[in-house]
Every structure is written in C-alpha cells, then in structure tokens.
Amino acid sequence: MAGAVAHAFTWRAAFIALGLPGLVIGVIVYLTVREPPRGRLDAIVDEIKPTLKESLRFLWEQKAAFHIVMGADCARCGAGA
C-alpha cells in the first residue's frame, strides 16, 4: 500500500497514509481500554538482597548467561574494539 501511495503522490504521503490508521486505532484503544488499578501487584516485597559474590556465583552456574557474556566479549574483540 505504501508503495502505491508513494508512487501516486510522494513518500511523505505514504508515511501519512500509513500513520493515520495507527492514530485512529490509538484513540480507540485509549477511549475503550481501562487501565488496571495501580499497586495491585506491588504487595510482594523482596527484602533479600544477594551480595555481589552470590550474584556472580549464580551467573557462573547459569550456562546460558556464561555463553552470552563470552559471546559478547568475542563479538567485541572481533569488531576491532
């Protein structure tokens, strides 16, 4: 649709043609969907704060986290940084 509008008019008209339906849907959602009451899920408070050593031990035991850190480091080194 955007290509046809851009071909018939300009690229700016294509952006407007694609943006207007989003604005209309946004207004409809704003007027019809009710926001839930705030604070409903805030009743649970976690007072236990792990130490840095405990956090690092937890991350070391998680294979996925270890691979993500190593992969990010390899990508950084491979990029010439």
Side-chain angles (χ1 to χ4, degrees):
M1 179 178 159
V5 172
H7 184 69
F9 301 101
T10 64
W11 62 270
R12 291 178 185 94
F15 276 100
I16 292 171
L18 292 177
L20 285 177
L23 289 174
V24 171
I25 291 171
V27 169
I28 291 170
V29 168
Y30 180 76
L31 295 175
T32 59
V33 175
R34 298 284 176 226
E35 186 173 350
R38 296 196 183 258
R40 265 185 9 178
L41 303 174
D42 295 342
I44 300 172
V45 178
D46 188 13
E47 293 295 329
I48 302 171
K49 305 268 186 207
T51 64
L52 177 62
K53 184 178 177 181
E54 292 171 339
S55 298
L56 291 175
R57 184 182 320 122
F58 174 78
L59 283 175
W60 182 259
E61 293 171 355
Q62 304 299 313
K63 290 182 181 179
F66 177 76
H67 287 120
I68 288 172
V69 170
M70 290 298 119
D73 190 46
C74 290
R76 185 184 62 85
C77 291

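Here the structure is a predicted model, which means the values were calculated and not measured.
Note that the NZ atom of K49 and the OG atom of S55 stand 11.0 Å from one another [nearest 0.5 Å]. We find the CZ-CG distance between F15 and L20 to be 13.0 Å, quoted to the nearest 0.5 Å.
Grouping the Ile, Leu, Val, Met, Phe, Trp and Tyr side chains by contacts below 4.5 angstrom, directly or via other members, places I28 apart from L23. Two different hydrophobic clusters hold L56 and W60 under the rule that ILVMFWY side chains link at heavy-atom gaps under 4.5 Å. Neither Y30 nor V24 shares a network with the other; the hydrophobic side chains, linked directly or stepwise wherever heavy atoms of I, L, V, M, F, W or Y lie under 4.5 Å apart, form separate groups for each.
Considering every non-hydrogen atom in both A65 and L59, the closest pair reads CB-CD2, 3.8 Å.
Judged by distance alone, the side chain of E54 and the main-chain N or O of T51 form a donor-acceptor pair under 3.5 Å. Remark: side-chain polar atoms of H7 are not paired, donor with acceptor, to backbone N or O of G3 under 3.5 angstrom.
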